[in-house]
Amino acid sequence: MPAAATSTGVYVYGIVRAEELPAVSAEGVAAARVELIERDGLAAVVSRLPEGELRVKRRDLNRHLQVLEEAFAETTIVPCPFGTVLQSEQDVESALLAARHDELTATLKRLDGNVQLNVNAVYEEEQLLRELVAGNSEITGLRDASNQLGDAGYYARLRLGELVATLVDERRQADAERILSQLLDVAENVVTDEPGEDGVLKASFLVSRKRVDRFDARLEETARMEHPLIRIEVIGPLPPTAFAGALTER
């Protein structure tokens with residue numbers, strides 16, 4: 001997160017259909033009042049930035065998310081990424097609401113009735129290593145050689161590390177594909193991200209509100225099947241920030 005940002009302009013949280021969101025009571029970025037700018041049946045959820053340099057703080061990210069969550073509780077919203085700023089109210093009307101009216105309208109329609117559920121699957125490291133060692137005689141041999149040779153076992157340890165890393169990558173790909181296949185048929189769409197060092201899968205699922213209970217049940221079933229090797233957590237329902245392509249692809 002940048003330490004400072006230019007604070008002249010209009011901060012944009014997202015786009016809703018006009019008249020579907022009467023007001024937002026949540027405090028905006030830099031403690032500003034949240035307003036709506038309307039044009040041609042659309043409304044931008046915005047706040048005015050104060051004059052001078054704005055020091056971007058963690059609580060501003062929380063404020064951004066709180067505004068999105070309040071709007072999302074009332075209606076469909078196309079979320080903007082944190083830090084979206086336009087120079088003026090006129091730019092919001094002309095460069096955003098008017099110039100991109102059709103794609104924003106289509107995105108609102110696509111997101112109607114859907115929520116985002118973030119799924120994070122992580123290996124239990126000791127369990128993973130036990131399974132890899134138990135199923136591979138080469139790992140066992142290299143580990144024993146490394147222990148026996150002591151300081152002279154450098155190349156055995158190097159080969160052992162390379163082999164384990166390769167096997168973990170192969171296992172991660174297979175496990176991630178299996179978990180995805182279990183969840184995709186109860187979701188509308190998915191966006192994946194790099195899972196991290198001990199991660200198996202990091203994914204955002206677009207799920208119909210009507211199918212959230214079904215998704216949760218499938219996720220619980222999958223978590224039971226993957227235990228004790230993999231721990232699965234979910235966060236949501238959330239505004240569908242990962243699927244607002246109309247505002248994030250440019």
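Small disclaimer: the values here were computed from a predicted structure and weren't measured.
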Asks: When you group the ILVMFWY residues by side-chain heavy-atom contacts below 4.5 Å and let the links chain together, are Leu65 and Val45 in the same group?
Replies: yes
Asks: Quick one: closest heavy-atom pair of Leu229 and Arg171, and the distance?
Replies: CD2-NH2, 2.9 Å
Asks: State the CG-CD distance between Leu201 and Glu194, to the nearest 0.5 angstrom.
Replies: 11.0 Å
Asks: If we ignore angles and hydrogens, is there a donor and acceptor under 3.5 Å between the side chains of Asn118 and Gln116?
Replies: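 Side-chain D/A pair, Asn118 to Gln116: present.
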Asks: Compute whether any side-chain donor of one residue and acceptor of the other, for Thr76 and Asp112, lie under 3.5 angstrom apart.
Replies: yes
Asks: Please tell me if the side chains of Phe72 and Pro240 come closer than 4.5 Å, counting only heavy atoms from C-beta onward.
Replies: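 They are in contact (side-chain heavy atoms under 4.5 Å apart), so the answer is yes.
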Asks: Yes or no on side chain to side chain contact (heavy atoms under 4.5 Å, CB included) for Phe205 and Val119, after CA distance, side-chain angles and deciding distance?
Replies: CA-CA 8 Å; Phe205 290 87; Val119 173; 3.8 Å; yes
Asks: Would Gln182 and Arg218 count as a side chain to side chain contact (heavy atoms under 4.5 Å, CB included) if you check the C-alpha gap in whole Å, the side-chain angles of each, and the deciding distance to 0.1 Å?
Replies: CA-CA 7 Å; Gln182 291 291 320; Arg218 179 67 60 83; 4.2 Å; yes
Asks: Tell me, do Ile15 and Leu96 make a side-chain contact under 4.5 Å, heavy atoms counted?
Replies: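 They are in side-chain contact.
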Asks: Is there a side-chain contact between Asn120 and Val122, using heavy atoms and a 4.5 Å cut-off?
Replies: yes
Asks: How close do Ala98 and Ser94 get, heavy atom to heavy atom, and via which atoms?
Replies: CB-O, 3.6 Å
Asks: Supply the atom-to-atom distance Arg17 CZ to Glu38 CD, rounded to the nearest 0.5 angstrom.
Replies: 13.5 Å
Asks: Which pair of non-hydrogen atoms, one from Ile232 and one from Ala121, has the smallest distance, and what is that distance?
Replies: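 Scanning both residues, the minimum pair turns out to be CG1-CB, 4.0 Å.
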Asks: Could you pull out the closest heavy-atom pair between Ala26 and Glu70, with the gap in Å?
Replies: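 Here Ala26 and Glu70 meet closest at N-OE1, 2.9 Å.
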Asks: Would you mind checking if Glu35 and Arg33 are paired as a salt bridge, meaning a charged N to carboxylate O distance below 4.0 Å?
Replies: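 A salt bridge is present here (some side-chain N lies under 4.0 Å from a carboxylate O).
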Asks: Side chain to side chain contact (heavy atoms under 4.5 Å, CB included) for Val212 and Val115? Distances and angles first, verdict last.
Replies: CA-CA 8 Å; Val212 168; Val115 302; 3.7 Å; yes
Asks: Taking C-beta and beyond as the side chain, do Asn114 and Val207 meet within less than 4.5 Å on heavy atoms?
Replies: no
Asks: Same cluster or not: Ile235 versus Val191, using hydrophobic residues (I, L, V, M, F, W, Y) connected whenever any side-chain heavy atoms lie under 4.5 Å apart?
Replies: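 No, separate clusters.
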Asks: Output the distance between atom CZ (Arg224) and atom CG (Leu219), rounded to the nearest 0.5 Å.
Replies: 10.0 Å
Asks: Roughly how far, to the nearest 0.5 Å, is OG1 of Thr75 from CG of Leu111?
Replies: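 Output value for this atom pair is 11.0 Å.
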Asks: So does Val200 get a backbone contact from the side chain of Tyr123, meaning a donor-acceptor N/O pair under 3.5 Å?
Replies: no
Asks: Passes salt bridge (charged side-chain N to carboxylate O under 4.0 Å, His left out), Arg231 versus Glu233? Steps please.
Replies: CA-CA 7 Å; Arg231 182 177 70 256; Glu233 300 173 345; 3.6 Å; yes
Asks: Can you get from Val186 to Met225 by hopping between Ile, Leu, Val, Met, Phe, Trp and Tyr side chains that sit under 4.5 Å apart?
Replies: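 No, Val186 and Met225 fall in different hydrophobic clusters.
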Asks: Which value, rounded to the nearest 0.5 Å, describes the distance between Leu117 atom CG and Leu183 atom CG?
Replies: 10.0 Å
Asks: I'd like to know if the side chain of His101 reaches the main chain of Asp40, judged simply by a donor and an acceptor atom lying under 3.5 Å from each other, with no hydrogens or angles considered.
Replies: yes
Asks: Does Gln127 form a side chain to side chain donor-acceptor pair (under 3.5 Å) with Arg130? I'd like the steps, not just the answer.
Replies: CA-CA 5 Å; Gln127 180 68 25; Arg130 280 196 295 269; 2.7 Å; yes
Asks: Would you indicate whether Gln90, at its atom CD, is surrounded by more than 12 heavy atoms from other residues, nucleotides or ligands within a distance under 6.0 Å?
Replies: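 Count not over threshold, so no.
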Asks: Run the numbers on Glu27 and Val67 for side chain to side chain contact (heavy atoms under 4.5 Å, CB included), then give the verdict.
Replies: CA-CA 7 Å; Glu27 188 176 68; Val67 170; over 6 Å; no
Asks: If you define the side chain from C-beta out and look only at heavy atoms, does anything of Leu184 sit under 4.5 Å from Val190?
Replies: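 Of all side-chain heavy-atom pairs linking Val190 with Leu184, at least one is under 4.5 Å.
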Asks: Under the salt bridge (charged side-chain N to carboxylate O under 4.0 Å, His left out) rule, what do Arg48 and Glu89 come out as? Steps first, then yes or no, please.
Replies: CA-CA 9 Å; Arg48 317 286 172 159; Glu89 179 176 334; 3.0 Å; yes
Asks: Within 45 degrees of the ring normal and closer than 6.0 Å to the centroid, is that where the cationic atom of Arg209 sits relative to Phe215?
Replies: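 Checked: cation-pi criterion not met.
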Asks: Kindly say whether Ala30 contributes a backbone atom to a donor-acceptor pair with the side chain of Asp60 at under 3.5 angstrom?
Replies: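 Confirmed, Asp60 side chain pairs with Ala30 backbone.
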Asks: Is any side-chain heavy atom of Ile179 less than 4.5 Å from a side-chain heavy atom of Thr222?
Replies: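 Result yes, sub-4.5 Å side-chain heavy-atom pair found.
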Asks: I'd like to know if the side chain of Arg39 reaches the main chain of Val92, judged simply by a donor and an acceptor atom lying under 3.5 Å from each other, with no hydrogens or angles considered.
Replies: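 Not confirmed, Arg39 side chain does not pair with Val92 backbone.
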Asks: Would you indicate whether the side-chain heavy atoms of Val85 and Val12 approach each other to under 4.5 Å?
Replies: no
Asks: Does any part of the side chain of Leu238, heavy atoms only, come nearer than 4.5 Å to the side chain of Leu68, both counted from C-beta?
Replies: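 They are not in side-chain contact.
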Asks: With a 4.0 Å cut-off on N to O distance, would you call Asp169 and Arg172 a salt bridge?
Replies: yes
Asks: Under a 4.0 Å N-O cut-off, is there an ion pair linking Glu226 with Arg178?
Replies: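 Counted as a salt bridge, because a side-chain N and a carboxylate O are separated by less than 4.0 Å.
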Asks: Within the 3.5 Å criterion, strictly below it, is a donor on Ser47 or Tyr13 matched to an acceptor on the partner's side chain?
Replies: yes
Asks: Any chance you could measure Leu42, atom CG, to Asp102, atom CG, to the nearest 0.5 Å?
Replies: 9.5 Å
Asks: Grab the two heavy atoms, one from Ala43 and one from Leu36, that are nearest each other, plus how far apart they are.
Replies: CB-CD2, 3.8 Å
